[in-house]
Amino acid sequence: MAVLIFISIIAISLWLALGANRHAKTGDVADFFVGGRSFGVIILFFLAVGEVYSVATVIGLPGSIYAKGVNYGIWFMAFLLLIYPVGYFLAPRIWRAGKRYDAMTAPDLFKSHFSSRLLEWVVALCYLMFLVPWAQMQFQGLIVALNALGYALDPLLAVIIAGSIAFVYISISGVKAPARIAVLKDILLFGAIVCVGWAAFHDQGGVEALFTSARDQGASIAFANQDEVVFSMSTIVFQSLAFYCLPFMITILFTSKSEGAIKRAKRMMPLYMLMFPFLVASAYYAMIRIPDLRSPNHAFIATAIDLLPDWAVGFVAAGAALSGLILIAVISLSVGGIFTRNIVGNVPEASQKRVSQIVILAYLIISMILTVVLPTLMLDLMNTAYAGFGQMLPGLLAVLFFSRATAVGVLSGLLVGVGAVFAMYFTGFNLYSINSGLIALVMNAATVFMVSAFTQQTGKRELRAKAA
C-alpha cells in the first residue's frame with residue numbers, strides 16, 4: 001500500500017509539472033529561469049520554504065540529534081531564526097538589484113554592476129564548483145526515503161530515478177514546475193512531520209514523558225567545552241549571513257513580482273518553525289525505542305515505520321522525496337543558467353533554454369556518478385561548500401550598498417576568501433574554534449576594502465594624468 005501511495009503522489013507531481021508547461025511562454029528565457037518575475041506571495045512562500053526545509057532537514061536534523069545530541073538541534077533552530085530577519089532586510093534589495101539589472105542568475109548581478117567579464121566568470125566558476133556536491137545531500141536523503149518503502153535500492157538505481165524525475169520537473173517549464181509541486185510537497189511534508197511527532201508523543205505518554213525518557217538516554221543540552229560554544233555560535237552567525245548568497249535562493253528571489261511579495265512571504269516563514277518540536281520528538285523516540293539503527297539518517301523514517309500504518313508511511317516517504325526532488329530541480333536550474341549565461345556568456349537568448357536543458361542533464365549525470373563513485377570527494381567539497389558560498393557576501397553587499405567597491409577589489413577578496421576556505425579545511429587550521437568560513441569572510445572583506453581603496457586612488461591618478 002505504501003508503495004502504491006508513493007508512486008501515485010510522484011505521478012501527481014509529474015502531472016503538476018506538465019500542467020505548468022501549459023502556462024509557460026515558449027522561447028521566453030526569463031519565463032524559464034525566473035518564472036517571468038511573476039510569482040505572488042503564496043507561490044513564492046512555498047517555493048522559498050522548500051529551499052530552507054528540504055529533505056536534508058527532515059532526514060538530517062533528527063538523524064543528527066540521534067547521533068550527536070541535542071546541541072545540533074539548538075544550532076539548527078538558531079540558524080533558521082536568524083535567517084528570517086537577515087532575509088527580510090536583504091531579500092527585497094536583492095530582488096530590486098535583479099530587476100534593475102535584468103538578472104536571472106547570481107553572477108548576472110556581478111556582471112552588470114561591475115561591468116567585468118573576468119569577475120563574472122570567476123564568480124560563476126566558484127558557484128558551479130560548490131554546487132556540484134550540493135545535490136548529494138538531497139540524493140542521500142532520497143535514498144533513505146525510498147528505502148523506507150521496504151526496498152533496499154542500490155544507490156546508483158536510486159539516484160538515477162531521482163535524477164530522472166528532477167530533470168523532467170525542470171526541463172518542462174523551468175522554475176514554474178517546482179513552484180507548483182512545492183505546494184503539494186509542503187502539505188505532505190508538514191502533515192507527515194506533525195503526524196510522526198504526535199504519534200511519538202502519544203506512544204510515550206505525552207511531551208514530558210518523552211523528554212524525560214530521552215534525557216535518561218543521554219539527551220541533554222550541554223556543551224562539552226568552550227570550544228564547542230565558540231564554534232556553534234560563530235557557525236550560526238556565518239551561515240545566517242551566507243544563506244542568501246546561495247545561487248538558487250537568489251534565483252528564487254528573482255521570481256517574485258514585487259518587493260512587497262517578498263516581505264509578506266518572509267513574514268510568514270517563521271510559522272514553519274512549528275514543525276521542529278515534532279522533528280525533535282521523532283529523534284527522541286528513535287533514541288528510546290530504536291537505539292541500534294544502522295544509520296542515524298534513518299531516525300525519522302524508522303520512527304514513522306514503527307508508529308504509523310503502512311499507508312501513512314507512503315505519504316511520509318513521498319513528502320520527504322518531493323522535498324529533495326524539488327531542491328535538486330532548482331539547483332539544476334541554477335547550474336544551467338549560470339553555465340549558459342555566465343560561463344559561456346555569448347549564447348543568444350533564443351537558445352539559452354535549450355542549451356540550459358543540455359547542461360542540466362549533464363550536471364545531473366555528473367552529480368549522480370560522483371555521488372556513487374567518489375563519495376569521499378563529494379564529502380570534502382560539501383564540507384567547504386557553505387563556506388565557499390559565503391565568500392560571495394562582500395561582493396553581493398557591494399552590489400546592494402557600497403558603490404565605492406571596485407571589480408578588482410571584489411575579485412581579489414573572493415580569491416582570498418575561497419583560497420582560505422580550502423587552505424583551512426585541508427590543513428585543519430583552527431583559530432580559537434571559530435568557524436573557518438567566518439575567518440575567511442573577514443579576510444575576504446578586508447581584502448575588498450583595501451584593494452578597492454588602492455584601485456580607486458590609482459584610477460583617480462590616471463584620470464588626473466589624462467586631464468593634464
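Model, not experiment: these values are computed from the prediction.
Without hydrogens or angle criteria, Thr384 side chain to Phe422 main chain gives no donor-acceptor distance under 3.5 Å. Of the possible donor and acceptor atoms, one in the side chain of Thr303 sits under 3.5 Å from a partner among the backbone N and O of Ser282. Side-chain N or O atoms of Ser112 include none that pairs as donor or acceptor with a backbone N or O of Leu109 at under 3.5 Å. A donor-acceptor pair is defined here as one N or O able to donate and one able to accept, closer than 3.5 Å; no such pair exists between the side chain of Glu120 and the backbone of Phe110. Ser232 contributes no side-chain N or O that, together with a main-chain N or O of Val229, makes up a donor-acceptor pair within less than 3.5 Å. Between the side chain of Trp95 and the backbone N or O of Ser256 there is at least one donor-acceptor pair closer than 3.5 Å. With Thr340 contributing its side chain and Gly337 its backbone, the two residues share no donor-acceptor pair below 3.5 Å.
Phe243 CZ to Ile83 CD1: the interatomic distance, rounded to the nearest 0.5 Å, is 4.5 Å. Between the CG atom of Leu411 and the OG1 atom of Thr455 there is a distance of 11.0 Å, given to the nearest 0.5 Å. Atoms OG1 and CG, from Thr251 and Leu246 in turn, are 10.5 Å apart once rounded to the nearest 0.5 Å. Distance check: Phe114 CZ to Thr406 OG1 gives 7.5 Å after rounding to the nearest 0.5 Å. Rounding to the nearest 0.5 Å places OG of Ser433 at 13.0 Å from CE of Met233. The line from CG of Leu81 to CZ of Phe276 is 8.5 Å long, rounded to the nearest 0.5 Å.
In the displayed structure, Phe401 atom CZ is contacted under 6.0 Å by more than 12 heavy atoms of other residues, nucleotides or ligands. Heavy atoms from other residues, nucleotides or ligands lying under 6.0 Å from CZ of Phe339 number 12 at most. Under a cut-off of 6.0 angstrom, the local environment of CZ in Phe449 is sparse, with at most 12 non-hydrogen atoms contributed by other residues, nucleotides or ligands.
The salt bridge (charged side-chain N to carboxylate O under 4.0 Å, His left out) test with Glu259 singles out one residue from Arg100, Arg96, Lys266, and that residue is Arg96.
Residues Ile328 and Leu364 meet the side-chain proximity criterion, which asks for heavy atoms closer than 4.5 Å. By the 4.5 Å heavy-atom criterion applied to side chains, Phe32 and Lys176 are not counted as neighbours. The shortest side-chain heavy-atom distance between Lys111 and Arg117 does not fall under the 4.5 Å cut-off. Side-chain contact check for Met268 versus Arg264: every heavy-atom pair is 4.5 Å or farther apart. A heavy-atom distance below 4.5 Å is found between the side chains of Leu397 and Phe402. Proximity of Val410 to Pro394: side-chain heavy atoms (C-beta onward) are nowhere separated by under 4.5 Å. Looking at heavy atoms from C-beta onward, Phe238 lies out of side-chain contact with Ile434 at the 4.5 angstrom threshold. At least one side-chain heavy atom of Ile338 sits under 4.5 Å from a side-chain heavy atom of Leu131.
Side chains of Thr447 and Asn444: a donor-acceptor N/O pair is absent below 3.5 angstrom, by distance only.
A pairwise comparison of heavy atoms in Pro92 and Tyr88 identifies CD-O, 3.3 Å as the closest pair. The two residues Phe39 and Leu47 make their nearest non-hydrogen contact at CE1-CD2, 3.9 Å. Residue Ser356 comes nearest to Phe33 through the heavy atom pair OG-CZ, 3.0 Å, listed as atom of the first residue, atom of the second, then distance. Across Thr255 and Gly35, no two heavy atoms sit closer than the pair CG2-N, 4.5 Å. Closest approach of Phe254 to Thr105, counting heavy atoms only: CE1-O, 3.7 Å.
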Please lay out, stage by stage, how Tyr386 and Val421 fare under the test side-chain contact (heavy atoms from CB on, under 4.5 Å). CA-CA 10 Å; Tyr386 216 115; Val421 166; over 6 Å; no
Does the pair Tyr169 and Ser332 meet the rule for a side-chain hydrogen bond (donor to acceptor under 3.5 Å, both in side chains), with working shown? CA-CA 10 Å; Tyr169 285 169; Ser332 301; over 6 Å; no
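Aromatic ring centres of Tyr284 and Phe278 lie farther apart than the 6.0 Å criterion allows.
In summary, Arg37 and Asp31 do not engage in a salt bridge, as defined by a charged side-chain N under 4.0 Å from a carboxylate O.
Between Tyr127 and Phe389, the ring planes lie tilted relative to each other; the angle falls in the 30° to 60° range.
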